There are 2 protein chains.
Amino acid sequence: MLGETAERILTTARSLMMERGYSAFSYADISEAVEIKKPSIHHHFPTKAGLVVAVLQAHRERLIQGTAAIDSKIESPLGRIQAYVQHWEGCIRDKTVPFCIAALLAAEMPSLPEEVRAEVTLHFNALEDWLERTLKAGVKKHEIQLQNSAATEAQALMAMVHGAMLSARALSSGEVFKTITDAALKRLSAPKR
Amino acid sequence: MLGETAERILTTARSLMMERGYSAFSYADISEAVEIKKPSIHHHFPTKAGLVVAVLQAHRERLIQGTAAIDSKIESPLGRIQAYVQHWEGCIRDKTVPFCIAALLAAEMPSLPEEVRAEVTLHFNALEDWLERTLKAGVKKHEIQLQNSAATEAQALMAMVHGAMLSARALSSGEVFKTITDAALKRLSAPKR
DNA sequence: GCATCCAAACCGACTAGTTGGTAGTCTACT
DNA sequence: AGTAGACTACCAACTAGTCGGTTTGGATGC
């Protein structure tokens, strides 16, 4: 298992990356926040790439746990997707977790170490999988209507959520995220019958 | 007007930023590509923030010129939006201009200098304006159907395009951009009548 | 025609600070 | 005695940016 310090380093790295991405945060930043000297961080995480990979693995783990929790709590597929989007809405509103790390790193992709790039791709795949599964279930239950294949609609939905995060940052407005995602959800729901 | 060297610095900075964003490119990188010594770059652009602002202003100028060209060449609003999306599709395919700089910098927003941030916001506003105008014109001509206000749909469309760029990077697949944007365009077009 | 002046362009050498990472040491706990 | 965690003291490489100085191609005055 990971020690307490390693855990603190991870969560600090996470929030720094959420704010700045990969290249704009440093071991010195973590050192300051965790109140531990820089070489001690290297003791727990020898390289920056390794640390970031660990953060991304935890991030993906949270995604898998989170969607599983949604699946077990909410029966309706449309409701599940709503819950997913609302999760981010809340995060963006209270500014604790203002961005999906994987989406952020996707922007920096060409300047990332290979190991990190692989992790980003994995996250996108995992999210796409869950969205696709959930959309398909919604169609089967006549709760969701799609104009394209579930795979395509899952990709589109994911892009919309990530793009909405970009817009929220660019316009420094949490409002715009809700506006965009509400419109996307509205489009998905099948007319009552 | 800008000299030839300044112009070369600008285009080099542009492509470096397109690849890496703000914090992951340096004057040394430009120096190497332009084959000019580092202090000479400072002669033309005293600060990095200033250089990036210049790049963004040119980028926005191109957006305005580009959309104006589309407006004058293409009569149909839906066709105009298609042309806009296809422009990026082409850029992503041949990898010359693989990302909208403003969208890339939006991800880094919190670590950007103020002046740069303002420029990013301006770009988002300019694009949103054009999309909204064009969508409204399409509705008037019964070419485009919207489920929400034109402003909302413009935001959603913009988010989708930007998110599709992120996905294309994350999955290193130009295909996925086309898949996503095709679906978005399909949704916009009103049923024939 | 020719000296003078000027400004733009450029460059070598440098600064102060930061980057990720290393070596070796001390300490506390098992 | 061994080990995990933390430390001080480094390192080479890189960061944006500065300084003083040279080269260049015109303009201007005579």
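Here the structure is a predicted model, which means the values were calculated and not measured. Below, chains carry the letters A, B, ... as their sequence lines are ordered, and counting in each starts from 1.
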#### Entry: Rounded distance (Å) that lies between atom P of D:dC11 and atom NZ of A:Lys38
13 Å

### Message
Between A:Gln65 and A:Glu61, do the side chains contain a donor N or O and an acceptor N or O under 3.5 Å apart?
### Response
yes

### Query
To the nearest Å, how far apart are B:His42 NE2 and D:dG20 C1'?
16 Å

### Message
Need one value for A:Ser26: base, sugar-phosphate or nothing, where a base atom within 4.0 Å counts as base even if backbone is also close, heavy atoms only.
### Response
sugar-phosphate

#### Entry: Main-chain N/O of A:Ser26 paired to A:Asp29 side chain as donor or acceptor, under 3.5 Å
yes

### Start and end of chain B contact along DNA chain C [non-hydrogen atoms, under 4.0 Å]
C:dA8 to C:dA13

### Task
Grab the two heavy atoms, one from A:Gly174 and one from A:Ile92, that are nearest each other, plus how far apart they are.
CA-CG2, 4.0 Å

### Task
Please report, rounded to the nearest Å, how far the C1' atom of D:dG5 is from the NE2 atom of A:His43.
5 Å

### Query
What is the distance, rounded to the nearest whole Å, between atom NZ of B:Lys48 and atom P of D:dG17?
8 Å

### Task
Give me the one residue out of A:Glu114, A:Glu119, A:Glu115 that meets side-chain contact (heavy atoms from CB on, under 4.5 Å) with A:Arg117.
A:Glu114

### Task
Assign B:Phe45 to base, sugar-phosphate, or nothing according to its heavy-atom contacts below 4.0 angstrom with the strands shown.
nothing

### Query
Which nucleotide sits closest to the side chain of B:Pro39: D:dT8, D:dA16, D:dT18?
D:dT18

### Query
So, is A:Ser40 close to the D:dC7 phosphate, meaning a side-chain N or O under 4.0 Å from OP1 or OP2?
yes

### Query
Between D:dG5, D:dG17, D:dC7, which one does the side chain of A:Ile36 approach most closely?
D:dC7

### Donor-acceptor under 3.5 Å (B:Glu108 side chain, B:Tyr22 main chain)
yes

### Query
Among side-chain atoms of A:Ser76 and A:Glu143, is any donor-acceptor pair under 3.5 angstrom?
yes

### Summary
When rounded to whole Å, the CG to C1' distance for the pair B:Leu112 and D:dA16 reads 16 Å

### Message
I need the CD1-C1' distance between A:Ile41 and D:dC7, as an integer number of Å.
### Response
13 Å

### Message
Whole angstroms only, please: what is the NZ-C1' distance between B:Lys37 and D:dG17?
### Response
17 Å

### Query
Taking the six-membered ring for Trp, are A:His42 and A:Tyr27 parallel (under 30°), tilted (30 to 60°) or perpendicular (over 60°)?
tilted

